[in-house]
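Okay, structure first, notes after.
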Amino acid sequence: MSAPDFTRPDFTRQEMMAIATGREIRDGELAIFGVGLSMLAGYFAQAHHAPNVRAMTEGGVYGATPVGGLPWGIECNRLSVNATSFTSALDALGFLVASGRCDVGIIGAAQVDRFGNVNTTGIWDGEIGESYRPPKTRLPGAGGANDIACGAKRTVIMVTHEPKRFAEKVTYISSPGYLEGANARERYGFPGGGPAAIVTTLGILRPHVETKEFQLDSWFSFSSVEEIRANTGWDLKVAPDAHVVPEPTQAELAALRRVDQTGALRKKG
Amino acid sequence: MSAPDFTRPDFTRQEMMAIATGREIRDGELAIFGVGLSMLAGYFAQAHHAPNVRAMTEGGVYGATPVGGLPWGIECNRLSVNATSFTSALDALGFLVASGRCDVGIIGAAQVDRFGNVNTTGIWDGEIGESYRPPKTRLPGAGGANDIACGAKRTVIMVTHEPKRFAEKVTYISSPGYLEGANARERYGFPGGGPAAIVTTLGILRPHVETKEFQLDSWFSFSSVEEIRANTGWDLKVAPDAHVVPEPTQAELAALRRVDQTGALRKKG
Amino acid sequence: MTHSKLIPLAEAVRRYTWDGMQYASGAALPIGSDAIVFGRELLRQGRRDLHAVFHCSSQQLNLLAGAGAATKAECGFSALEVFGFANGLRRAVESGAMALEDYSNLAMPLRYLGGALNWPFVPATTNIGSDIQHRSAFAPHDTPARTKIPTVTDPFSGREIGAYSVLQPDLAAIHVTLADIRGNSIMLGTEWSRFELSRAAKKVVIIADAIVDSGCIRQFPNLVRIPDIIVEAVVHWPYAAWPQSSPGMYDVDEEHMHLMNKALATREGTDRYVADFVEGYDDPDSYLDLIGRDRLATLAKTETAFLLDPYRQWILSPDQVAGLSARGVAA
Amino acid sequence: MTHSKLIPLAEAVRRYTWDGMQYASGAALPIGSDAIVFGRELLRQGRRDLHAVFHCSSQQLNLLAGAGAATKAECGFSALEVFGFANGLRRAVESGAMALEDYSNLAMPLRYLGGALNWPFVPATTNIGSDIQHRSAFAPHDTPARTKIPTVTDPFSGREIGAYSVLQPDLAAIHVTLADIRGNSIMLGTEWSRFELSRAAKKVVIIADAIVDSGCIRQFPNLVRIPDIIVEAVVHWPYAAWPQSSPGMYDVDEEHMHLMNKALATREGTDRYVADFVEGYDDPDSYLDLIGRDRLATLAKTETAFLLDPYRQWILSPDQVAGLSARGVAA
């Protein structure tokens, strides 16, 4: 990828997360971006190193690049303004993603666990129990992330690194990671391979090749192994070759900020 | 309907068949017309007594009326010229017909049997046998007629009345009528009710309410019970209230000929 | 053939809705074009106990849930994207006032597709293996099977996959950009699942931002994805998706999106919102006054406005539309 | 992002086809717009043993079957509507040279839909109960199950329905009215099943009557039902569906429809037809000369020509197109 920039430009943790996520996207790939920060990460990749990425949103909006800053949603006029094709959710999420054609999807998470399972549905006080009962805190639901998690060849999960978000086991699996680990996904015949990385505000976690347990792959220059372990709700293993992530280059930051015109990623950090 | 026209205008058997078929269509119905003569019958109904018929073709061509004579096909420019909507086969045959929404469909037949089963696939010399073997004469295949026969609330079968076309049992069921009769259709859960009439160049056959065996309902003024029985390949029963069909009115003939601008129905008869 | 199906919004709600019905809308993304004004009218007429079927919640379901009119809902996504959680819906779910059955954003259009085809079930290759598959917010006797997404065996491979129940809502209120008086409809921007929904629903009412002459329909038949033959009625209501956006027509009203969602976070705020923005107008004109003509002019200056250019010549003026209402039409 | 995918027809056939492949085309009705010129080129390059997947046969499959290039086919309808039986296909089927597997006109798009979704099977509520369900022209080991359309049990009701195998052809050659150099495609007239096929096929090559500037694509994104991201290559070939029609562009050539079908009725006639109308040209220009410029002018005077009006300003001239071929592009 790019060499670290020793001029140490000022950037936020969210910007680092978006850039690290964007680095996961390769040129020419068929890619689907969720709403919000994951969309910024994806279109950053397009603006920086993946000009031929075949990007779409789950609304069936193709060929668009956001204009005027972070789109409010996946059909937002900021995205609709220069699309080359509008179709439908069935097309984008079904024909192109659940089918197994899509190379990579970026999804968010309210909570993620040791095996990359994602909860975006609700927070319960304790177990849900045999029968369903209302959550203490209702979250947005699965959206297209479940379909992306099942169908995309690989996914990248983007999430703020806080202990409450990194659970040993999520209460509710909205979007499957590796379920109970190892080859548990095979039971369901998903065409997608599962999450390749969890990119956080502190670093990057990747699954162990066999157990599929997520372990620390790398940390950001402003973070550390200790800080990450302290903010993870399970006993996080550290990969033998764990390393520091190169800081954003000037070119990367410039590209990201062209996409993030309204500074959504600079508001907190 | 209309009173018989005692001026006895000159008309062909095919025109009588088309008009008798068109009389089966009621105003406001959702209706699907196959290609060729059945399309002329349908659009005749629209031109004459069913101005609000909601007509479509299996191509997903809506709101059109043919211009310049018999369309060559269901997407023919003669039909595409004034459509209000173009969608797809999945929409027309699936969402609107196989679903059970469509009120009436008009289909053709190379061969039809005692229970209204239609063969448009092939003529074999003898039984097909256990394994499939090539037909002696290959016919066009089922097209959309199978889907119409399964899904439309009722169908009208239009067919030239010749002994070879009226078989005790068709060799190959391309589109199901009442199968072996009575409630045999129920085995398959078809939303459609089956054929309401077989309209021929000689008269009209309708199914017995219980056995679903087709019997003679009415004959055209130029035909007779004897002629029809002689041209039917099974021992055709005659309904107790069998009667003569009113001849075309001047208005009906005028409407039909406006639709059949190229005189397709006048070429033989 | 030239019968007009144009009717007033209030009449559409009176005629096609009832307490306890299965009502579908919210048909174009969480914050995209949606027949929100239809939901406002449902509240004005006091409809209750609605079973809401929304691919995504949108501000419409947020409002219906927050005001207590929806007691059941099925969604693929139930928040407001970058505008955050849907506070009215959230309050209803957390309090137990509304049972929310979760699916995904692919599951919902597939269930519409299955409803449109009148299939008994739809194959599911996603949603299985997650808690969406078996956890049901509805009482078990409310679903056709004992489990929400049961399995079905593929006869070719012997492999098990999931099976969705299908959706055939009593009514779909679908927002479109342009329609003619018979209901031929053009959507600009993604269809999301409006095409499938229009075929799945037992009845369809179109809510159009603008009415066009049928010449527009005949010029662009490939854009007419909802043909008149499946439409019961057409309601003309400018800015019907407000405060959400309608590509080509107007942008999202960011300020009102926040104001509305903040209000719906509490019972009191909701009451105030209903008094102000649900009961606060009598017809399209006073609705537009309520929003504010200046604000509307700003929203209409969307960068997507060029998308509407090819069709502008056919858009009818309010006076022309008034002359074409279902009763007044003669042509 | 501005890479051109425009390549010559001969190169498209060389690059994306091979003997024995599963080849899909014939994508818009029995006698509607179809990439017939692609089929001609398959013959020119001597492709053999094709497994043809055609929703409806069209003159393309009639030709491929009549000339002996297709040994297997799957169709919903295999004749030429008012032009009569497809004589080439008929001869191939009756002689046993081509095994023709019968489905219906709904079954084919559903099987494309299932392929597009990568489902293991598709629910079948039609075709069951008729001889289509169990009689198979293919050897049993050619189908994934022992029977052509087996049954599957609905887990909700316990009721049995049918299950179609899905289609994922190696290549779909799809005829469209307009495309840009990247493959964004606009179809005028019914899609028939071109939308579903474009998603089911492993690869898609677009055959366009005309090439448009990308400004047209950005003005009408809702008409772009096949986006560039799923297109491998674009072939520009005027009158590519001849002698069939292309709504907005040209009418059916009635005389040649009859001439062609009559020729295909015999081996000798087919040889003559191939010599004259398959081998008889070298490029689009000599193809148009062969048809006859006067005849083309007549065909172009279609009453549907107004359907093309909104897009004419963006249609590129032959010279402009030549400058944009995949290798020549710089922009």
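Lettering of chains follows the sequences in order, A, B, ..., and the numbering in each one begins at 1.
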So, the part of C:His134 with a heavy atom under 4.5 Å from chain A: the answer is neither
Can you confirm whether C:Val93 sits close enough to A:Pro135 that some side-chain heavy atom of one is under 4.5 Å from a side-chain heavy atom of the other?
yes
Roughly how far, to the nearest 0.5 Å, is the CG atom of A:Asp91 from the CH2 atom of C:Trp192?
11.5 Å
Could you have a look at A:Ala83, A:Gly94, A:Gly36 and say which one has the most heavy-atom pairs with chain C under 4.5 angstrom?
A:Gly94
Would you compute the distance between atom CG of C:Leu106 and atom CZ of A:Phe95 and round it to the nearest 0.5 angstrom?
9.5 Å
If only atom types and distance count, is the side chain of C:Asn127 paired as donor or acceptor with the main-chain N or O of A:Asn146 below 3.5 Å?
no
For C:Ile132, is it the side chain, the backbone, both or neither that has a heavy atom under 4.5 Å from a heavy atom of chain A?
both
Which label fits A:Trp72 and C:His258: parallel for a plane angle under 30°, tilted from 30 to 60°, or perpendicular past 60°?
perpendicular
Under a 4.5 Å cut-off applied to non-hydrogen side-chain atoms, are A:Tyr172 and C:Asp102 in contact?
yes
Choice from C:Thr125, C:Leu100, C:Leu113 maximising heavy atom contacts with chain A below 4.5 Å:
C:Leu100
Walk me through it: do A:Thr137 and C:Glu94 pass the test side chain to side chain contact (heavy atoms under 4.5 Å, CB included)?
CA-CA 6 Å; A:Thr137 305; C:Glu94 291 170 4; 4.1 Å; yes
When heavy-atom pairs shorter than 4.5 Å are enumerated against chain A, which of C:Gly248, C:Gly189, C:Ser193 gives the highest number?
C:Gly189
Pair A:Arg78 + C:Glu81, salt bridge at N-O below 4.0 Å:
no
Residue part contacting chain A, namely of C:Gln133, when any heavy atom lies under 4.5 Å
side chain
Most heavy-atom pairs under 4.5 Å with chain C, out of A:Thr171, A:Ile128, A:Leu179, belong to A:Ile128
With a 4.5 angstrom heavy-atom cut-off, which part of A:Phe190 approaches chain C: side chain, backbone, both or neither?
side chain
Apply the test side chain to side chain contact (heavy atoms under 4.5 Å, CB included) to residues A:Glu58 and C:Phe77: give CA-CA distance (whole Å), side-chain angles for both, the deciding distance (0.1 Å), then the verdict.
CA-CA 12 Å; A:Glu58 55 188 83; C:Phe77 183 79; over 6 Å; no
Per-residue contact mode, A:Pro191 against chain C (heavy atom under 4.5 angstrom)
neither
Give, as side chain, backbone, both or neither, the part of C:Thr302 having an atom under 4.5 angstrom from any heavy atom of chain A.
side chain
How many angstroms lie between CG in C:Leu307 and OG in A:Ser80, if you round to the nearest 0.5 Å?
7.5 Å
Donor-acceptor contact below 3.5 Å, side chain C:Asp131 vs main chain A:Ser174
no
Interface check, chain A: of C:Ala107, C:Ser33, C:Pro247, C:Cys56, most non-hydrogen pairs under 4.5 Å belong to C:Pro247
Gap separating the NE2 atom of C:His55 from the OG atom of A:Ser88, nearest 0.5 angstrom:
9.5 Å
Interface check, chain A: of C:Gly129, C:Gly32, C:Ala79, most non-hydrogen pairs under 4.5 Å belong to C:Gly129
What residue, out of A:Asn119, A:Leu139, A:Val61, A:Val170, has the most heavy-atom pairs lying under 4.5 Å from chain C?
A:Leu139
Is it true that, when you exclude C:Glu254 itself, more than 12 heavy atoms of the residues, nucleotides or ligands shown sit nearer than 6.0 Å to its CD?
yes
For chain C, which of A:Asp147, A:Leu37, A:Leu93 has the most heavy-atom pairs under 4.5 Å?
A:Asp147
Do you know which of C:Gly76, C:Gly96, C:Pro109 has the most heavy-atom pairs under 4.5 Å to chain A?
C:Gly76
State, to 0.1 Å, how close C:Tyr103 and A:Ala142 come at their nearest heavy-atom pair, and which atoms those are.
O-CB, 4.1 Å
What residue, out of A:Gly192, A:Ala149, A:Ala89, A:Gly141, has the most heavy-atom pairs lying under 4.5 Å from chain C?
A:Ala89
Sole residue of A:Val67, A:Asn77, A:Leu79 in side chain to side chain contact (heavy atoms under 4.5 Å, CB included) with C:Thr304
A:Asn77
Region of C:Tyr250 that comes under 4.5 Å of a non-hydrogen atom in chain A:
backbone
Restricting to non-hydrogen atoms, name the atom on C:Arg159 and the atom on A:Gly189 that form the minimum distance, rounded to 0.1 Å.
NH2-O, 3.7 Å
Side chains of C:Arg135 and A:Thr121: donor-acceptor distance under 3.5 Å anywhere?
no
Taking A:Gly59's backbone N and O only, do any of them form a donor-acceptor pair with C:Thr190's side chain (distance below 3.5 Å, no angle check)?
yes
Relative to chain C, which of A:Gly73, A:Gly68, A:Ala92 shows the most heavy atom pairs under 4.5 Å?
A:Gly73
C:Ser104 side-chain N/O to A:Gly144 backbone N/O, donor-acceptor pair under 3.5 Å
no
